[in-house]
Amino acid sequence: MTLVIFAFVLWAAAWALNAQLANGPGRNGAVTRLAVPLIFGATLLGMWELIVRGLDVPMVILPAPSVIAETFVARFGTLWEDFLQTFLKGALSGYVIGCLAAVGVAIVADRFAFLRRGLLPVGNFMAALPIVGTAPILVMWFGFDWESKAAVVVVMVFFPMLVNTVAGLADTGAMQRDLMRTYGASYWQGLVKLRLPAAMPFIFNGLKISTTLALIGAIVAEFFGSPIRGVGFRISTSVGQLALDMVWAEIVVAALAGTLFYGAIAALETRVTFWHPSHRS
Amino acid sequence: MTDTAPLAAQGAGIGRSGRVALWARGFSHALLPVVTVVAALLAIWYLACIPMNASNSVLQAARADVAVSPESASDRRGMSGLALAVRNPGVAVAGAFDQDRARLPAPHQVAAELWAGTVGEPVTSNRSLIWHGWVTLSATLLGFVFGTVLGIALAVGIVHSRVMDMSVMPWAIVSQTVPIIAIAPMIIVVLYSVGIQGIVPKAIISAYLSFFPVVVGMVKGLRSPNGMDLDLMATYGATKVQTFWKLRLPSSMPYLFASLKIGIAASLIGAIVGELPTGASAGLGARLLAGSYYGQTEQIWAALFAAAILAALCVGLLGVIERALLGRMGMKT
Amino acid sequence: MSPVISAKSLDLTFQTNDGPVHALKDVNLDVEKGEFVSFIGPSGCGKTTFLRCVAGLETPTGGTLTVNGMTPDEARRARAYGYVFQAAGLYPWRTIGGNIRLPLEIMGYSEAEKRKRVTDTLALVDLDGFEKKYPWQLSGGMQQRASIARALSFDAEILLMDEPFGALDEIVRDRLNEELLSLWARTEKTMLFVTHSIPEAVYLSTKIVVMSPRPGRISDVIDSPLPKERPLDIRDSREFIEIAHRVRDGLRAGMEAA
Amino acid sequence: MSPVISAKSLDLTFQTNDGPVHALKDVNLDVEKGEFVSFIGPSGCGKTTFLRCVAGLETPTGGTLTVNGMTPDEARRARAYGYVFQAAGLYPWRTIGGNIRLPLEIMGYSEAEKRKRVTDTLALVDLDGFEKKYPWQLSGGMQQRASIARALSFDAEILLMDEPFGALDEIVRDRLNEELLSLWARTEKTMLFVTHSIPEAVYLSTKIVVMSPRPGRISDVIDSPLPKERPLDIRDSREFIEIAHRVRDGLRAGMEAA
Amino acid sequence: QDMDAVTLQLKWVTQAQFAGYYVAEDQGFYEEENLDVTIKAGGPDIAPEQVIAGGGADVIVTWMAAALAARERGVPLVNIAQPFSTGGLQLTCLKETGVESPEDFPGRTLGVWFFGNEYPFYAWMAQLGIDTDGADEEGVTVLKQAFNVDPLLQGQADCISTMTYNEYGQILDAGYTEEELVNFNYLEEGVGMLEDGLYVMEEDLEDEAFQDKMARFVRASMKGWKWAEENPEEAAQIVVDNDMTGAQTLEHQVYMMGEVAKLTEGSNGALDPEAYQQTVDTLLSAVSEENPAITEEPEGAWTHDITDEALEGGS
Ligand SMILES: Nc1ncnc2c1ncn2[C@@H]1O[C@H](COP(=O)(O)OP(=O)(O)OP(=O)(O)O)[C@@H](O)[C@H]1O
Ligand SMILES: Nc1ncnc2c1ncn2[C@@H]1O[C@H](COP(=O)(O)OP(=O)(O)OP(=O)(O)O)[C@@H](O)[C@H]1O
Ligand SMILES: Cc1ncc(C[n+]2csc(CCO)c2C)c(N)n1
Ligand SMILES: [Mg+2]
Ligand SMILES: [Mg+2]
């Protein structure tokens, strides 16, 4: 019980420290910006550890972070193999195919107003659907290896990407478009020099949303059949083996991969859409 | 009125009232393209049934002693559906649209299954899609309410406290990279062990997925008043609380609704995912899974479409509320 | 009688990422009760900044500034002034009446008082009958009048106006100028008015403050000899053109010195 | 010599959801080569619409309009004119140089030619050294000059300008007016210039077209007797004030008639 | 008077595999024993061992391999009864692929259920000396099979796991005949393991009242099983009535009941120590990294106390 009390003391202390940092003199410094969330995260982990130990939570219900960390190090080889299978083969390939296809279709839809007016409501509708539900079907169609995972990811990222890109391509000011007309620009010139650059903030918005979707899609699909590696595979079999430490180690892998993926796209966004008001320093 | 529209003007067609003309224009502008696209998708679907179901069509034909090529089953193994359909066009077309365990059921089969599941069963029956839909919907709505309340609360905190902004926001993003499907069974079991079961665990998964768009949207919304709007409040010597109720909250409404629409869709996904691996015995997710266990593809598709319709209804309803509320607030959407 | 607003060697430097910006330097100005003071000067010379200092929205980094003998912040809390921004800035989710009621709600007026004041100020700016309309249902000029009404509703002694007519076209602007003058004549408020337009400044003011940039300071203060009663075509008069000339010269001199 | 631009009983009606809007009615106008024509009139009188018709961005519903003897659409394809919009409208993802290069890329100039023209036009509008900067790193006045440079870069005979200085303050505006005049004198282009400001119209033009609204039509065309050489203080001259008066009267008459 | 509450966590969704419990509930056998039983259906990712460890159930149905594995991981499960005297797990192959005997496995793709069902498979492969890390001359490709027969029907696997009472029937339903299929029964291959036993937590058993409750529970459950064996049609109907998904068909459940009856036939509920020992030996014969079921001989993993008491009281 003392450990639990100590957990809350830790919380209060860390919060006070963060309040100091966030409102103190170095409030805008890079160090503070990094330190505050890290302290917050570390506090959560610390509380988790203390509470699990304090309440004697069984390992098979919730392992302590220290145990998870040990497993993470000890089984790193397996985790790496799973990461390659799920992330590189399944999620990433599906992400690339899905996003490219969506941008392609969006460009075609942008060319033909009729198609756009028809496709956009349908796309909006589809983007709101629980597309994960197609996972069992796609696994049946594309087999149990990474191809079916990629297929699920393609379907999942396609519609958000399509809707964003179409919206982006249309997001040019009337004046910007008129300018192109005064130059007697051709359709393709207008596309390359005006609409695609103008659409970039939207496209990146779609790309960012799609990162998490891609990961979820790939992992969910593994629950419906997979080779004997992969994050989703390992999670479901480890639950069966009551190896909860391994389950959490895989969750850490997924969260790390997802965060890095998101971060990479966000970094790319800052470079490509540096001109957008939200990115100007 | 000095300008009277000439008879030849657009939309002044003979024998049509202006309203009809306007409707007709709206139709050709908005509805016709959608109908066309949907029709095209249906056509593609029907066409796809032929190769997708070819191997089974051919197998069944062979069983019925119809000549097929190649003749031996082991030769056919490994051939693509398209190749089989090309070599046995008649058989493939004949068998494509009414199989029991089709790889891809035809649209009318799915429609029939949907019809049977909704109109053909009393709503209290465990075979009724309406009943299963309600099971999923109730978890969705509860989770949506949890998620929205949590999301708004976090957003209010983030906007007003710098510490929260700096520490919570990054972790909110990280939280969404955690594969919820992985923790879904654990959430359920852990809650089980503290005596919570039924709708609440699913709702928690829903809330987990739906709080994020609400946080992001509300933070944006609560920060949307520009410097001038805020300064105006300062010139009145308004308190933080007054500024929140009279300025920040009203101006966040359009953002709130935009994120609520995303949130409810996410919430529905959460409820279905919560029903998938955890052996929930009812709900659209359970239907989906049961369909998969017993090879009932029509049942999977019907559950999928039911979920789609549910999503559309939820989002549509939010849209109606949005228009009514923002309209009353004098904000055009 | 002591001045309503009194600035002594006022200084304000903004700390920005690109280094400090000296927005106001050694500004000295006294404004007496009932004066109409216009501020004119090129973009970035600190007109808005000065007004914001008076309003307590910005804190000077040097010198002293008193409003009604208090610090600007105290004056702000005492609701000593109404502020009108460049754009009307009405809240779109409130009707015109609701917008005018806003400060009254915040300041805790009684329901009856609120109703009365809304009706009164709407009449003052000639917008009776528009109480239930939403801002976007009104023209730009009407919106701007509503925003003036909003600043008038709680009857502050001082009115601070930052380019209130900047976004309007010349003809609407002329009319609003006339109305503003008559309002001022009736209510005897103290007015601080920022503008970019020389004719506007000359037409409205009893005192014109010409400012120049980098760093922002006062380069000339011109007391207007024009009578209080000013028909629109006073702008073609000899005196008017002379003052306008002096203002323009002041502006140009400021520009070249910078 | 036949006129560069010739409009005969031009008519344009927009079909909107609230019914038709008669934006231009029976507009007749000839513009000779090398003229500087200003269009002035209250908001909504059809100034922009007329310029857009000339540019082939809008299709008249009646009458005839020729540009260089061609239809406006042909003229557009032949890149007969440069167009400057009210706001600078530079593409934010391109540098100033990149923005000026844009029309050249589209029209397929050679790399060397592009480089040369960008340098030349930047010098013309006094922006040398800013080629590598992004639009948002420049002040509003500089952006507006860059957008003029963009319209000049491909050396069209006609320059259409729709309130290019509307968003700028009076002093910057004065300077750009001077520069525009000298540019016009040097290049002998034909200018069509929309403005809200009477002094600006009078100062710049050889011909002032006064328009009035509902429906938009030309209420007066004033040929300016001012010499081609115009120092800024010509604005205090008798002649200048007289023309300005006539323009103002024309405007007011148009308003009342509507 | 107050009835004693018992929560039973099943390993899988509602189907005739668990008919005995549903029958006992439906026919009032539990009530006769003064028990208020809640039957919780399982699912592909519900680990009953985890549920009972968390306190969500008093007694669970699971396979012995999974129960022993959990025991080694600190969830001290004890087998108190074994209604299934033999097992129904098998590997089913299509003849047309050319698989006739285990010698044909190398180079093939085999569908395997995980989630506790993989232990017998790995034990078998170890016995055969076949690698499981990829299809070549010595090895097979293992596919984590979802709980359906698609991989076989869609040609993605040469052999898949089936239960005699469920998936095998589905393959037949899909149009294949017995002659077109080859079955490898794990029991016959010597790597059978006890299925569907009843397990409780060791510390609970120290409580007399709990012991008594379980004895009554087992007695009533076995009565349910025997009733189900004798009345397969009615039992199937009871199962269908209890299935909330509405996905089960009576026809399939009758088939399943018939096959399940062959597995429960002859069991009075008491665990056969020999069968237990065979399960343990098989598991210990194939300890490896991917098959970490158990590493040492378990102690006290079963008891006859409950069944003894149950059988006594019943007779
Ligand atoms: N919050 C701020 N942070 C940093 N610099 C500021 C800030 N506000 C104003 N400035 C700078 O201070 C100077 C004066 O600005 P101010 O807005 O007072 O000018 P102004 O005279 O009102 O100009 P305008 O006519 O364009 O409104 C400018 O250089 C401006 O960039
Ligand atoms: N695309 C359009 N569709 C419908 N009506 C339009 C359209 N463009 C302009 N109008 C209407 O045509 C009339 C003339 O507009 P125009 O933009 O030419 O006026 P303007 O003289 O340029 O006004 P301003 O000084 O405000 O720019 C206005 O009543 C306007 O509402
Ligand atoms: C304790 C227990 N463990 C595994 C199975 C395996 N199993 C038997 S049937 C089936 C699929 C659906 O019928 C599965 C996975 C089980 N039944 N019971
Ligand atoms: Mg200002
Ligand atoms: Mg215009």
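First the proteins, then the strands, lettered A, B, ... as listed; each starts at 1.
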Step-by-step side-chain contact (heavy atoms from CB on, under 4.5 Å) determination, B/Leu32 to A/Arg117: CA-CA 9 Å; B/Leu32 189 64; A/Arg117 286 202 301 268; over 6 Å; no
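- In terms of heavy atoms, B/Val34 sits closest to A/Pro121 at CG2-CG, 3.6 Å.
- The contact between A/Leu215 and chain B is made entirely by side chain atoms (from C-beta outward), counting heavy-atom distances below 4.5 Å.
- The contact between B/Val174 and chain A is made by backbone and side chain atoms together, counting heavy-atom distances below 4.5 Å.
- Side chain of A/Trp141 to backbone of B/Arg103: a donor-acceptor contact under 3.5 angstrom is found.
- Residue-environment remark: CG (B/Asp100) stays at or below the threshold of 12 foreign heavy atoms within 6.0 Å.
- Most heavy-atom pairs under 4.5 Å with chain A: of the set B/Thr36, B/Leu284, B/Ile264, this distinction falls to B/Thr36.
- Minimum heavy-atom separation, A/Phe125 to B/Ala312: CE1-CB, 3.2 Å.
- Looking at A/Ile39, there are no atoms closer than 4.5 Å to chain B (heavy atoms on both sides), in backbone or side chain.
- With a 4.5 angstrom heavy-atom cutoff, A/Phe261 does not touch chain B via any of its atoms.
- Minimum heavy-atom separation, B/Val178 to A/Ala255: CG2-CB, 4.0 Å.
- Considering only heavy-atom pairs separated by less than 4.5 Å from chain A, the leading option among B/Ala265, B/Ala308, B/Ala311 is B/Ala308.
- For the atom pair CG of A/Asn23 and CZ of B/Arg162, the computed distance is 6.5 Å after rounding to the nearest 0.5 Å.
- Contact between A/Pro130 and B/Leu304 at its shortest, heavy atoms only, is O-CD2, 4.1 Å.
- At a 4.5 Å heavy-atom cutoff, B/Met169 makes no contact with chain A through either its backbone or its side chain.
- Heavy atoms closer than 4.5 Å to chain B are found in both the backbone and the side chain of A/Arg33.
- Side-chain contact between A/Ile137 and B/Trp301 is present, with heavy atoms from C-beta onward closer than 4.5 Å.
- Contact annotation for A/Ser236: neither backbone nor side-chain heavy atoms come within less than 4.5 Å of a heavy atom of chain B.
- With a threshold of 4.5 angstrom between heavy atoms, A/Val139 does not approach chain B through any atom at all.
- Using a 4.5 Å cut-off between heavy atoms, A/Leu119 contacts chain B through both its backbone and its side chain.
- The distance from the CZ atom of B/Arg101 to the CE atom of A/Met140 is 9.5 Å, given to the nearest 0.5 Å.
- With a 4.5 Å cut-off on non-hydrogen atoms, A/Thr43 does not touch chain B at all.
- Only the side chain of A/Val122 comes within contact range of chain B, judged by heavy atoms closer than 4.5 Å.
- In this structure, CD1 in A/Ile251 is found 11.0 Å from OG1 in B/Thr177, a value given to the nearest 0.5 Å.
- A/Phe40 has its side chain out of reach of B/Pro170: every pair of non-hydrogen atoms, C-beta onward, lies at least 4.5 Å apart.
- With respect to chain B, the highest number of heavy-atom pairs below 4.5 Å among A/Gly258, A/Ala19, A/Pro37 belongs to A/Pro37.
- Listed here is the closest heavy atom pair of A/Thr212 and B/Gln176: CG2-O, 3.6 Å.
- To the nearest 0.5 angstrom, A/Phe223 atom CZ is 14.0 Å from B/Ser292 atom OG.
- Going from atom CG of B/Leu288 over to atom OG1 of A/Thr134 covers 9.0 Å, rounded to the nearest 0.5 Å.
- Considering all non-hydrogen atoms of both residues, A/Asn18 and B/Val163 come closest at CB-CG1, 3.5 Å.
- Listed options A/Val220, A/Ile61, A/Val252 were ranked by heavy-atom pairs under 4.5 angstrom with chain B; first place goes to A/Val220.
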